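See below for the structure under consideration.
Keep in mind that this is a model prediction, so the values were computed, not measured. The figures that follow rest on heavy atoms only: side chains count, while hydrogens, waters and symmetry mates do not. Residue numbering restarts at 1 for every chain, and letters A, B, ... go by the order of the sequence lines.
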There are 2 protein chains.
Amino acid sequence: MATETLTAERILAATEDVLRLYGPSKATVVDVARALGVSHGSVYRHFRTKAALREAVTKRWLDRTTGELRQIVEDSSATAEDRLRRWNVHLFEAKRAKAGADPQLFATYEVLLRENSETVDEHIADLVGQLTEILQAGLSEGTFTLGSADVPAGARAVFDATVRFHDPVYAAQWVLPDIERELAAVLDLVLNGLRVRA
Amino acid sequence: MATETLTAERILAATEDVLRLYGPSKATVVDVARALGVSHGSVYRHFRTKAALREAVTKRWLDRTTGELRQIVEDSSATAEDRLRRWNVHLFEAKRAKAGADPQLFATYEVLLRENSETVDEHIADLVGQLTEILQAGLSEGTFTLGSADVPAGARAVFDATVRFHDPVYAAQWVLPDIERELAAVLDLVLNGLRVRA
DNA sequence: CAGCTGACAGATATTGAAATCTGTCAGCTG
DNA sequence: CAGCTGACAGATTTCAATATCTGTCAGCTG
């Protein structure tokens, strides 16, 4: 068990465990090493600094969501409108589920997100990239229009219009009873804005 | 000067000065009293607790913006679409100006907003109320449509779609070069979604 | 000899004693 | 006697001494 070779992935998994257990302020590199049964010097062989380790954990967590959404983007059997709606609903529900299932861990990740804004920016760029693909599909289909805006700018506008339903700063509001209706209302407004006129 | 009667308004103005000078964590009731040349017991005659005092300062600050926007809501010479756009642009520019003009004081208010979420909720209700009036005007004009949503829900959706451009959590992004274009893109999308089809 | 250990220096966090602040109220004052 | 003062108790914050942690590296080990 502790005889397996020490890989970056094993360290990341152990770090997540330690973060869940102690929280972001108390989790130390020594704790991670102890959880793996090695000395902390060995951890530094794989991650140059504690900050780099925390950043890698953050990136791993964000990429799990990006992977799930990828499937919706690539479901070419559905219309662009359908994919756009499902993509946003899935993003909201995935984030809300994470926040609800383990609030302790989610709070930990909120701290990590704040200290790794560059990683978050890359994640946002990934998401906007996926939205760009969906919008492009809708334009090709002839069901979407964007007026004078270019496709990436339109994708960014769709992303911006729904921040309240995916930015963790608003996580506290995701338990309110009207929140799903409010997301639906924003999506109706946005989709109505994208649809070509009859 | 110090002989004037001690009013709630004078205390609020002095509190804002002290907050600007010392910041939210160092500003004490004793400091406020010293600035007014009275004992701190006198301040407690007007505000039951320090929290109530800070809340009143917060409310006063938020109400200044609501007052400015009121004028746009009531400008019945303009179309609803024009008013909706100007209202959102004004809200954005007013907040950005406050953040840029005195970053120290703005940071102080960010702290106050976090500790007075109930006051913030009331402020948001006020703003959504103003948006409701503008949407109602557009419906009466026959230029707006809302599908199946009721007017307050539609107003809330418009508000939600533009959070990135008025919620202080995003203040750091308001200096980015593309931010105005991004607001314009979201407003184009939203207004397109509201407009009745030709 | 690749990968790991553990002692070490400097940086950061914890802790508890001392200082300050909040909120009250009996009494002063104009 | 309405409005203010300032001494006070308990709560909170500050500060400096102490402990712990980060990141390095010479040397150990399988």
Side-chain donor-acceptor pairs under 3.5 Å in residues 158-168 of chain B, sequence neighbours left out?
from     : atom 1 : to       : atom 2 : distance (Å)
B:Asp160 : OD1    : A:Arg164 : NE     : 3.0
B:Asp160 : OD1    : B:Arg156 : NE     : 3.0
B:Asp160 : OD1    : B:Arg156 : NH2    : 3.1
B:Asp160 : OD2    : A:Arg164 : NE     : 3.4
B:Asp160 : OD2    : A:Arg164 : NH2    : 3.3
B:Thr162 : OG1    : B:Val158 : O      : 3.2
B:Thr162 : OG1    : B:Phe159 : O      : 3.0
B:Arg164 : NE     : A:Asp160 : OD1    : 3.0
B:Arg164 : NE     : A:Asp160 : OD2    : 3.4
B:Arg164 : NH1    : B:Gln173 : OE1    : 2.2
B:Arg164 : NH2    : A:Asp160 : OD2    : 3.3
B:Arg164 : NH2    : B:Glu182 : OE1    : 2.3
B:His166 : ND1    : B:Thr162 : O      : 3.3
B:Asp167 : OD1    : B:Val169 : N      : 3.0
B:Asp167 : OD2    : A:Tyr170 : OH     : 2.6

Heavy-atom donor-acceptor pair, B:Asn88 side chain to B:Leu84 backbone, under 3.5 Å: yes
Test side-chain hydrogen bond (donor to acceptor under 3.5 Å, both in side chains) applied to B:Thr28 - qualifying residues, sequence neighbours left out: B:Asp31
For DNA chain D, stems built from three or more consecutive Watson-Crick or G-U wobble pairs below 3.5 Å: C:1-30 with D:1-30
A:Arg48, CZ: over 12 other non-hydrogen atoms inside 6.0 angstrom: no
Interatomic distance where CZ belongs to B:Arg34 and C1' belongs to D:dG6 [whole Å]: 14 Å
side-chain N/O B:Ser39 vs D:dT5 OP1/OP2, d < 4.0 Å: yes
Short side-chain to backbone donor-acceptor contact, B:Asp178 and B:Arg181, under 3.5 Å: no
Distance-only donor-acceptor pairs under 3.5 Å for side chains of residues 103-110 of chain B, two or more places apart:
from     : atom 1 : to       : atom 2 : distance (Å)
B:Thr108 : OG1    : B:Gln104 : O      : 3.2
B:Tyr109 : OH     : B:Glu16  : OE2    : 2.5

Polar side-chain atom of A:His123 near backbone of A:Thr65 as donor-acceptor pair, under 3.5 Å: no
Least distance between heavy atoms, B:Arg195 atom then B:Thr145 atom: O-CG2, 3.6 Å
At a cut-off of 3.5 Å, list every protein nitrogen or oxygen paired with a nitrogen or oxygen from nucleotides 10-15 of chain D, distance to 0.1 Å.
none

Value in whole Å for how far the P atom of C:dT5 lies from NE2 of A:His46: 12 Å
Protein-nucleotide distance (B:Leu53, atom CG; C:dC21, atom P), rounded to Å: 15 Å
For atom OH of A:Tyr22 and atom P of C:dA13, their distance in whole Å: 18 Å
B:Glu141 side chain to B:Thr79 backbone, donor-acceptor under 3.5 Å: no
More than 12 heavy atoms from other groups under 6.0 Å of NZ on B:Lys98: yes
Protein-to-nucleotide contact annotation, 5' to 3' order, nucleotides 22-30 of chain D [B base; S sugar-phosphate only; - none; under 4.0 Å, heavy atom]: BBB------
Any donor-acceptor N/O pair, B:Arg54 side chain to B:Leu112 backbone, under 3.5 Å: no
